[in-house]
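What follows is a set of notes on a single structure, which appears directly below.
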2 protein chains.
Amino acid sequence: MKKIKLQSFEEWEKKKLKDPEFVKACEEPDDDPFIETAWQLLKLREKMGLTQKEFAKKLHVPQEAIARLESPRYRGYSLQTLHKIASTFDKKLQIRFI
Amino acid sequence: MKKIKLQSFEEWEKKKLKDPEFVKACEEPDDDPFIETAWQLLKLREKMGLTQKEFAKKLHVPQEAIARLESPRYRGYSLQTLHKIASTFDKKLQIRFI
DNA sequence: TGACAAAATAACAAAATTGTTATATAATAG
DNA sequence: CTATTATATAACAATTTTGTTATTTTGTCA
């Protein structure tokens, strides 16, 4: 029997808010693009209704790789990786200097 | 005597359009985020009215590093690099999946 | 044309990211 | 509480990107 219940965003937010670095970044008006990216990735996955493991499978990487990308402390993003994710889920990656 | 004359966008576009890969990417409706990033970087530099060398100096890297980032064939972007550029020029890097 | 400035290309070591495995922590259902 | 699922953390080799130097091509202007 397949479980499709996921943690809600609210739960996730609550959990992440216990992380001092995450809180700090959220408080900054010009918020950090790395944390912002982690959020975007999580939101994408949630929209798809997938667990990290399922999401990871579509990208042919293990779950741990997705956990790392969604971590608020991760700063190692490459456009290659983000583009690969975007196209796997029929999205377009947009990059801007605003 | 200091020259501040730069190639215009039109000139640049004309030049790049001779590049088959560039043309191909531009023709695709869901245009490539790598080429798009190269454009964004060039536009940012143009707005600042800087040569590659001057732009590079503010980032503490040689001109060649900027030429590479502005090349339509470059696919090695990291958010670290893009963020460094954004903040050096008081911009915010925006990343989205659309 | 020649001299000079701007930009592009190439090559390589150093640094950073990715994929991977193992393991730990957290949440949920029973 | 226990079993199970979901997510997080750590460590390391393989791959990729960065910084760098050298060189080349392109454009501008006298």
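A note on names: the letters A, B, ... follow the listed sequences, proteins ahead of strands, and every chain is numbered from 1.
When the ring pair (Phe, Tyr, Trp, His ring centres under 6.0 Å) test is applied to Phe97(A), no partner is found at least two apart in sequence or on another chain. A search for side-chain hydrogen bond (donor to acceptor under 3.5 Å, both in side chains) contacts involving Gln40(A) returns Glu36(A), not counting sequence neighbours. Legend: residues meeting side-chain hydrogen bond (donor to acceptor under 3.5 Å, both in side chains) with Arg75(B), ordered by chain and number and at least two apart, are Asp32(B).
In the region residues 76-88 of chain B, proximity to DNA chain D at under 4.0 angstrom, judged on heavy atoms, holds for Gly76(B), Ser78(B), Thr81(B), Lys84(B). Of the residues in residues 56-67 of chain A, His60(A), Val61(A), Pro62(A), Glu64(A), Ala65(A) come within less than 4.0 Å of DNA chain C through at least one heavy atom, sorted by number.
Arg45(A) has a carboxylate O that lies under 4.0 Å from a charged side-chain N of Glu70(A), or vice versa, which qualifies the two as a salt bridge.
In this entry the distance linking CG of Leu69(A) with C1' of dA8(D) reads 13 Å, nearest Å. Atom CZ of Arg73(B) and atom P of dT16(D) are 19 Å apart (whole Å). When the P atom of dT25(C) is taken as reference, atom CD of Gln52(A) falls 17 Å away, rounded to whole Å. Rounded to an integer number of Å, the gap from CD of Glu70(B) to C1' of dA6(C) is 11 Å. Atoms CG (Leu50(A)) and P (dA6(D)) sit 11 Å apart, rounded to a whole Å. Nucleotide dA7(C) holds its C1' atom 13 Å from the CD atom of Glu54(B), rounded to whole Å. If you measure from atom CD of Glu46(A) to atom C1' of dT7(D), you get 12 Å, rounded to the nearest angstrom.
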Between the protein and nucleotides 11-13 of chain D, list every N/O to N/O distance that falls short of 3.5 Å.
none

Review item, side-chain donor-acceptor pairs of residues 57-69 of chain B, under 3.5 Å, at least two apart:
{"from": "Gln63(B)", "atom 1": "NE2", "to": "Gln52(B)", "atom 2": "OE1", "distance (Å)": "2.9"}

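The nearest pair of heavy atoms linking Ser71(B) to Ala38(B) is O-CB, 3.9 Å. When all heavy atoms are compared, the tightest approach of Leu93(B) to Pro33(A) is O-CB, 3.7 Å.
Listed by first then second residue, pairs satisfying salt bridge (charged side-chain N to carboxylate O under 4.0 Å, His left out) with a partner in residues 78-89 of chain B number zero, not counting sequence neighbours.
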